[in-house]
Amino acid sequence: MRLNFKQQSILPGFGLALGFTVLYLSLIVLIPLSATFLKASTLTWQQFWHIVTAPRAIASYRLSFGASAIAAGINLFFGLIVAWVLVRYEFPAKKLFDSLVDLPFALPTAVAGIALTAIYSRNGWLGQYFDRIGIHSAYSPLGVVIALTFTGLPFVVRTVQPVLEDLDKEMEEAAASLGADRWQTITRVLVPAIMPAALTGFTMAFARAVGEYGSVVFISGNMPMRTEITPLLIITKLEQYDYAGATAIAVVMLVVSFAMLLSINLLQAWSGGRTRAKAAAAIVAPAFSEA
Amino acid sequence: MSIEALNISKRFGQFAALEGVNLEINRGELVALLGPSGSGKTTLLRVIAGLEFPDSGTIRFNGKDISDRTARERQVGFVFQHYALFRHMTVFENIAFGLKVRPRSSRPSREKIRAKVQELLRLIQLETLAQRYPSQLSGGQRQRVALARALAVEPSVLLLDEPFGALDAKVRLELRRWLRQLHDEIHITSVFVTHDQEEALEVADRVVVMNQGRIEQVGAPDEVYNHPASPFVYNFLGNVNLFHGRVDDGKTYIQETATGQVLYVRPHLLEIARLPNGGSHFRARIKQINSAGPLVKVEAIAEWGDSVRVEMPQERFQNLQLVKNEEVFIIPKDVKVFAKREPA
């Protein structure tokens with residue numbers, strides 16, 4: 001039987017567009033990544049298992065995924081506030097603040113890492129105050145979270161901002177006239193409306209943080225078992241010419257990241273699908289034929 | 001519930017949206033706020049709803065000053081021009097929203113909410129669409145859902161901001177008749193804003209004509225139409241021809257600019273004839289004829305060069321057999337005279 005996807009779409013060029021998409025994704029994403037799996041497959045199953053479950057590797061996963069999740073969570077919360085302020089209020093130098101948000105994208109991450117280290121180290125501007133109350137901000141897992149928060153800052157802001165701008169002020173007025181207080185309006189009207197976008201931002205911030213390397217290596221101190229992130233562990237293995245070991249750990253990262261991204265996407269499809277029209281047939285329902 | 005607006009003024013920056021507006025709306029009335037855009041009609045409605053606070057003036061519900069209360073505390077039903085439905089909620093959830101957000105002590109039980117929503121769905125004739133999302137409905141259906149949502153909280157006042165403005169002509173016509181019927185059934189004090197004079201005259205018990213932040217006239221539809229208080233009202237409520245001149249002893253003198261009077265004649269109150277009838281008349285040449293629709297619209301050039309619009313029934317047009325460029329006489333049947341206003 002011949003597969004026929006074409007009939008579902010009235011847009012021309014489906015075959016060409018799909019072909020291009022598959023080719024492009026293959027060249028850029030799939031082939032390089034499958035090379036990772038190929039290299040890792042030179043190991044026996046036992047060797048592989050031994051490498052990926054080594055205590056040092058386990059500690060690095062915990063730090064990498066844990067710190068990334070915390071950083072993405074911080075960015076979700078503060079990103080929503082920043083987006084809200086940038087959309088809803090007028091204040092001087094608003095455009096300036098708006099551009100500041102993108103700076104973590106533009107800055108080489110190593111520069112960010114050095115700058116953050118300078119500020120948060122024991123004798124840095126902020127680090128000395130943290131140190132006085134017994135918190136070591138640099139060279140600790142906290143430092144990793146700080147660096148990852150920095151690099152992930154723009155994502156939530158930039159995904160939520162357009163949705164907030166698009167949001168009708170009348171919806172809030174309608175909620176108020178129906179007797180909802182401010183808290184009910186936020187939790188029942190605003191948050192559900194921006195949730196899909198916020199989730200996208202969270203996912204992107206999380207994904208970026210998991211893969212982040214440049215800024216973290218400066219501020220974390222890279223102590224095995226304590227402040228060593230997984231990407232660094234991979235680099236360390238590469239420097240020791242242990243290519244198979246490096247790819248084995250890379251495979252674990254890939255699989256875990258992919259599983260997490262997929263589940264967040266599914267969650268998002270579930271929360272976002274509710275607001276969109278599900279069937280075109282519904283729209284052509286008679287406008288007011290009864291009257 | 002009766003509504004009183006006393007001496008309401010509101011500015012947006014340099015723009016005066018309302019200037020000392022006084023209005024009284026009786027219990028159970030259906031009132032239209034009519035005016036061109038920028039006349040302050042929507043601002044007045046929003047001030048009554050508590051969505052906007054006036055710079056000065058007082059709003060009273062049933063004689064009680066509620067100027068300081070927020071929209072939430074005033075418990076009015078408000079229907080927005082663009083529906084403002086909650087996109088992530090179904091029709092059912094939208095209508096139930098106002099009941100669900102009530103404090104626990106006064107919140108009805110689940111079954112009661114369900115019953116109430118079902119009853120409203122029946123009222124708006126959308127029982128089968130309860131589980132649809134707003135994006136799956138047509139404009140007319142959405143506006144009915146918005147209306148049901150506003151009615152669910154059993155407000156004592158219903159305020160509608162250009163409720164049919166975003167709908168196409170046919171749906172608009174059906175929906176406004178339906179609104180009138182609904183009002184006759186439930187007798188809730190209602191105020192709606194519109195810029196469509198036909199809509200206001202057809203639906204409302206009383207019409208409030210607004211212009212530049214002030215009320216020009218308040219009255220029953222036939223009153224404002226037949227006895228306009230100002231040239232603006234006359235102008236706004238239908239097409240009109242303007243002449244300079246005067247009326248003396250029942251005779252109309254046109255083209256006498258020195259008198260400072262302006263004559264207003266509606267197109268259907270001008271008669272075209274082949275012969276002068278001895279009364280007031282002037283010569284004109286037919287320029288354009290449009291005979292589509294129940295009324296034939298004729299554009300003629302008066303003897304002094306101005307364009308004049310005349311409307312007549314199809315029957316009369318058939319009898320006359322008018323042709324383009326023909327010389328005819330035009331006889332004004334009813335002329336309104338207003339003193340010329342100083343340009344504002």
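None of the values given here were measured: they were computed from a predicted structure. For the numbers below, each heavy atom of this structure counts, side chains included, while hydrogens, waters and symmetry mates do not.
At a 4.5 Å heavy-atom cutoff, B/Leu167 makes no contact with chain A through either its backbone or its side chain. In this structure, no portion of A/Leu190 lies under 4.5 Å from any heavy atom of chain B. Contact of B/Ala150 with chain A is made through the backbone alone, with heavy-atom distances under 4.5 Å.
Across B/Lys170, B/Arg149, B/Arg177, the residue that shares the most heavy-atom pairs under 4.5 angstrom with chain A is B/Arg149. Interface summary for chain A: among B/Phe78, B/Tyr83, B/Phe80, the most heavy-atom pairs under 4.5 angstrom belong to B/Phe80.
In the displayed structure, B/Gln75 atom CD is contacted under 6.0 Å by at most 12 heavy atoms of other residues, nucleotides or ligands. Shown here is B/Glu127, whose CD atom has more than 12 heavy atoms of other residues, nucleotides or ligands within 6.0 Å. Heavy-atom contacts from other residues, nucleotides or ligands closer than 6.0 Å to CZ of B/Arg107 number more than 12. Summarising the local packing, OH of A/Tyr89 is surrounded by 12 or fewer heavy atoms from other residues, nucleotides or ligands at distances under 6.0 Å. With a 6.0 Å radius and a threshold of 12 heavy atoms from other residues, nucleotides or ligands, A/Phe77 has its CZ atom at or below the threshold. For NZ of B/Lys112, the number of neighbouring non-hydrogen atoms (other residues, nucleotides, ligands) closer than 6.0 Å is 12 at most. Taking a 6.0 Å sphere around CZ of A/Arg88, one finds it holds more than 12 heavy atoms contributed by other residues, nucleotides or ligands.
Taking CZ from B/Arg46 and OG from A/Ser177, the interatomic distance works out to 10.5 Å, rounded to the nearest 0.5 Å. In this structure, CG in B/Asp161 is found 7.0 Å from CD in A/Glu170, a value given to the nearest 0.5 Å. Note that CZ of B/Phe86 and CG of A/Asp168 are 11.0 Å apart. Values are rounded to the nearest 0.5 Å. One distance of note links CD of A/Glu173 with CZ of B/Arg72; it measures 15.5 Å at 0.5 Å rounding.
Applying a 4.5 Å heavy-atom cutoff, the residues of residues 94-106 of chain B that approach chain A are B/Phe97, B/Gly98, B/Lys100, B/Val101.
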A/Met171 and B/Arg87: CA distance, side-chain angles, deciding distance, side chain to side chain contact (heavy atoms under 4.5 Å, CB included) verdict:
CA-CA 9 Å; A/Met171 280 220 297; B/Arg87 283 179 274 183; 4.2 Å; yes
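Contact record, B/Ala84 with A/Ala174: O-CB, 4.0 Å, taken as the closest heavy-atom pair.
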Pair up each side-chain donor or acceptor in residues 19-30 of chain A with any protein partner under 3.5 Å, not counting sequence neighbours, and list the distances.
| from | atom 1 | to | atom 2 | distance (Å) |
| --- | --- | --- | --- | --- |
| A/Thr21 | OG1 | A/Ala17 | O | 2.7 |
| A/Ser26 | OG | A/Val22 | O | 2.6 |

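Applying the ring-ring contact (aromatic ring centres under 6.0 Å, His included) definition to pairs two or more places apart or across chains, those involving residues 149-207 of chain A are A/Phe105-A/Phe155.
Shown here are the salt bridge (Lys or Arg N to Asp or Glu O under 4.0 Å) partners of B/Arg180, two or more places apart in sequence or in another chain: B/Asp184, B/Asp205.
B/His88 places a side-chain N or O within 3.5 Å of a backbone atom of A/Arg188 that can act as its donor or acceptor partner.
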